[in-house]
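For clarity, every value in this text was computed on a predicted model and none was experimentally measured.
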Amino acid sequence: MTICQPFSAALSAKGMTSQQLANVTGSDATRISQICAGTATPTSEEYNKIAGALGMGTPPAGHPR
């Protein structure tokens, strides 16, 4: 499972758009869209901001902490 799959699922479950997630995390909307689409891998800082905004836990195995 890639990182984008849990992010996309959580985004959908929250009823949020990538633009709303970008606003909540203070991130760039294009970058958030790329991460959620799986075309970019989030840094640990990005992961933590996104995961926090979506109510997710710690990074999956193999992802930098």
Side-chain angles (χ1 to χ4, degrees):
M1 178 184 309
T2 63
I3 291 172
C4 64
Q5 290 168 324
F7 278 166
S8 293
L11 192 66
S12 179
K14 288 266 188 188
M16 294 175 73
T17 66
S18 57
Q19 178 64 54
Q20 290 169 321
L21 181 59
N23 291 340
V24 169
T25 61
S27 302
D28 178 72
T30 301
R31 177 76 176 153
I32 293 292
S33 292
Q34 292 169 339
I35 292 168
C36 290
T39 59
T41 301
T43 64
S44 292
E45 182 179 355
E46 289 171 325
Y47 181 95
N48 290 331
K49 285 181 179 180
I50 295 167
L54 296 176
M56 299 173 70
T58 58
H63 190 275
R65 293 180 191 264

What pair of heavy atoms forms the shortest contact from E46 to I35, and how long is it? OE1-CD1, 3.9 Å
Between CD1 on residue I32 and OG on residue S27, distance to nearest 0.5 Å: 4.0 Å
Heavy-atom closest pair, residues M56 and P6: CE-CB, 3.5 Å
When you measure from the side chain of T39 to the backbone of Q34, do you find a donor-acceptor pair of N or O atoms at a distance under 3.5 Å? yes
Could you list all the salt bridge (Lys or Arg N to Asp or Glu O under 4.0 Å) pairs where at least one residue sits in residues 5-26, not counting sequence neighbours? none
Over all atoms of both residues, closest heavy-atom pair of Y47 and P42: N-CB, 3.9 Å
Could you state the interatomic distance from OG1 (T43) to CD1 (I50), rounded to the nearest 0.5 Å? 8.0 Å
For T17 and L11, the nearest pair of non-hydrogen atoms, with its separation, is O-CD1, 3.8 Å
side-chain contact (heavy atoms from CB on, under 4.5 Å) partners of D28, counting only residues at least two apart: T30, R31
Partners passing side-chain contact (heavy atoms from CB on, under 4.5 Å) against A29 (at least two apart in sequence or in another chain): Q19, A22
